[in-house]
Amino acid sequence: MFFAVNRNASVVNIATKRVVCALLIYCISICIGTFDAMARTRPQKMPSEQISSTANPDQLLIEVYKSLAENKLQNAQVKIDELIDAYPHFQLAHLIRGDLLLMHTRPVASFGAGANVQGEKLKELRDEAAARIRSFRERPAPDLLPRPVIQLREDQKQVILVDAKKSRLYLYENNAGQLRLVSDHYISQGKFGTNKFKEGDQKTPLGVYYITSRLSGSKLPDFYGPGALPLNYPNEWDKINGRSGSGIWLHGMPSSSFSRPPLASDGCVVLTNPDFLKIAASVDIGRTPVIISEHIEFVNQAKWSLDKQFAAKLLEDWRLDLESQNANRIFANYSRNFRANQGEDLNSWFSKQRQTWDSWVTPIVKVKDVTHFIYPGKDEMIVSTFTQEVTSGKARASTRKRQYWRKEAAKWRIVYEANV
């Protein structure tokens, strides 16, 4: 279809002889029939004088396309101007504004017709617009929970999840074991997607990581914006599987830019500067987990509770077996494919551990400060971290451990275990 304006009548006419640019058609089609439902759960748009501090760019984009779908070109123009006032360096918004201005004079038959942008750059902007609007529209319902987060420690007040397929980051708050979605944000990831394997492959890793430090923008090149939050990639599971590389961060944008296309980084997770500052102010260094997955599944409370019960039972059965000091019972928890830090196989590692277990005198084994996550990837796997306390006679020892449980046929077994 064409969008055009009859200057004499000052109304928007829609001709149906051709298809307008793919982006506009796509955005309008996903907004029609869903915007009203979203509006019931979204806060009302703030007055224009407050937009610069509160504007959600994705919501404003949807409002632009909704206005177009309703043939309200002037309203769309006002909204895109509000978006640019809030974010002057938002290149996608400037491109859309150029198209809207052109619509006042003639039909627009291609995305970016009002600007001198072509080829790969035009495709990147189209991809960004589609990712922003699709993810904002598909924001998880308040009663759904992220399945990868089975259990957090009490002192872990936040958890971050990155959905690579949707180019979206979700920040959840942990309130006495109950998760609440605080905010979600558009992100850019590695130029060649996910599943990082080696240095320089320009891919973003998949896994469960932790923020190790906070780097101030004043000590970094402008390329990183207001700062960076380094992750502990490669983690122990990456290393044992031969994954290498370094410098995987959450970070911001250069001061001259607002955002990047969905696939644009060297492997880092990149946010707009306003979004990065919100995230950086929320996290706890060393405590906040960051789960990067190809796709984040959201489930209802009942399903989430079942996963939590299952993970708890795996660990409890292992604890009882360890407390029994029965080597056969303990050994049955471990996979034949088990690997330890130094590359030891199961038999070699187990014989060393058994020397410790055999020395215990009527042991009492407890576990506390437990976390459970479903580990991203094609395998069904749970990573559990906990403090193991052993009382043996009058002696007491405490160790922080991490186990990776993988489903093999119908049985879950430990494929990696180490002190952390």
Side-chain angles (χ1 to χ4, degrees), residues 148 159-165 167 169 187-215 219-221 223-224 227-252 260-271 276 283 285-296 334-346 348-349 371 373-385 400-406 408 414-420:
V159 59
I160 291 172
L161 298 103
V162 175
D163 187 315
K165 187 176 181 180
S167 296
L169 179 150
I187 58 99
S188 298
Q189 59 186 290
K191 181 179 293 185
F192 295 106
T194 57
N195 206 22
K196 185 175 184 61
F197 190 77
K198 62 182 180 180
E199 185 79 37
D201 62 9
Q202 295 183 300
K203 293 184 177 182
T204 298
L206 300 176
V208 178
Y209 303 100
Y210 289 86
I211 297 171
T212 60
S213 61
R214 181 182 280 108
L215 304 179
K219 299 180 180 179
L220 295 171
F223 177 80
Y224 298 101
L229 300 170
L231 303 181
N232 67 321
Y233 173 86
N235 62 22
E236 58 279 340
W237 185 247
D238 293 318
K239 292 175 182 177
I240 208 71
N241 283 281
R243 299 182 181 277
S244 63
S246 60
I248 300 300
W249 298 353
L250 306 182
H251 66 78
R260 285 170 137 183
L263 302 176
S265 81
D266 287 335
C268 292
V269 175
V270 183
L271 298 110
F276 173 80
V283 300
I285 304 306
R287 289 194 181 97
T288 300
V290 178
I291 302 171
I292 307 176
S293 180
E294 191 68 32
H295 172 67
I296 300 296
Y334 292 84
S335 167
R336 295 179 180 178
N337 298 312
F338 178 91
R339 285 173 289 177
N341 270 334
Q342 306 303 319
E344 294 176 294
D345 62 16
L346 177 59
S348 175
W349 178 87
T371 68
F373 301 104
I374 295 179
Y375 202 85
K378 63 180 181 180
D379 295 327
E380 291 188 68
M381 193 158 68
I382 294 173
V383 55
S384 301
T385 308
R400 190 74 180 162
K401 285 184 174 292
R402 183 165 294 146
Q403 296 175 335
Y404 287 78
W405 292 79
R406 185 167 63 194
E408 298 180 339
I414 301 168
V415 292
Y416 177 87
E417 179 178 317
N419 296 341
V420 294

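Here, residue 1 is the first one in the sequence, and each next residue gets the next number.
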Any chance you could measure F373, atom CZ, to T385, atom OG1, to the nearest 0.5 Å? 7.0 Å
What are the two closest non-hydrogen atoms of P230 and L215, and how far apart are they? CG-CD1, 3.7 Å
Step by step, work out the side chain to side chain contact (heavy atoms under 4.5 Å, CB included) result for L220 and H251. CA-CA 11 Å; L220 295 171; H251 66 78; over 6 Å; no
Would you give the length of the straight line joining atom OG of S348 to atom CZ of F338, rounded to the nearest 0.5 angstrom? 10.0 Å
Testing the basics here: between G267 and T204, what is the closest heavy-atom pair and its distance to 0.1 Å? O-OG1, 2.9 Å
Residue set satisfying side chain to side chain donor-acceptor pair (under 3.5 Å) with K196, at least two apart, ordered chain then number -> D201
Is any side-chain heavy atom of I291 less than 4.5 Å from a side-chain heavy atom of P376? yes
Hey, is the main chain of S244 close enough, under 3.5 Å, to the side chain of E199 for a donor-acceptor pair? no
Examine distances only and state if a side-chain atom of S293 and a backbone atom of D163 form a donor-acceptor pair shorter than 3.5 Å. no
Donor-acceptor under 3.5 Å (D238 side chain, R243 main chain): no
Using modelled atom types and a 3.5 Å cut-off, is there a donor and acceptor pairing between side-chain atoms of R406 and backbone atoms of D379? no
Measuring only between side-chain heavy atoms, which start at C-beta, is F197 closer than 4.5 Å to N241? no
Flag, side chain of T212 to backbone of N232, donor-acceptor distance under 3.5 Å: no
Criterion side chain to side chain contact (heavy atoms under 4.5 Å, CB included) on V383 and Q403, from CA distance to verdict: CA-CA 6 Å; V383 55; Q403 296 175 335; over 6 Å; no
What is the minimum heavy-atom distance between L231 and V290, and which atoms define it? CD2-CG2, 3.8 Å
Considering all heavy atoms, the nearest L206-N195 contact: CG-N, 3.8 Å
Do V420 and K401 have side-chain heavy atoms sitting under 4.5 Å apart? no
Examine distances only and state if a side-chain atom of S188 and a backbone atom of P261 form a donor-acceptor pair shorter than 3.5 Å. yes
Tell me the closest heavy-atom pair linking L346 and S335, and the distance in Å. CD2-O, 3.3 Å
4.5 Å side-chain heavy-atom contact, N419 and R400: no
With the side chain counted from C-beta on, respond yes when L161 and P148 share a heavy-atom pair under 4.5 Å apart, and no when they do not. yes
Examine distances only and state if a side-chain atom of S265 and a backbone atom of Q189 form a donor-acceptor pair shorter than 3.5 Å. yes
Can you name the nearest heavy-atom pair linking K203 to T194, along with the distance? CD-O, 3.3 Å
Can you sort out the partners of Y404 under ring pair (Phe, Tyr, Trp, His ring centres under 6.0 Å), two or more places apart, ordered by chain and number? W237, Y375, Y416
Looking at OG1 of T288 and CG of L229, how far apart are the two atoms once the value is rounded to the nearest 0.5 Å? 9.0 Å
Could you go step by step and tell me if I414 and W405 meet the side chain to side chain contact (heavy atoms under 4.5 Å, CB included) rule? CA-CA 4 Å; I414 301 168; W405 292 79; 3.5 Å; yes
Using the ring pair (Phe, Tyr, Trp, His ring centres under 6.0 Å) criterion, which residues pair with W249? Sequence neighbours excluded. Y224
Euclidean distance, Q202 CD relative to D266 CG, rounded to 0.5 Å: 5.0 Å
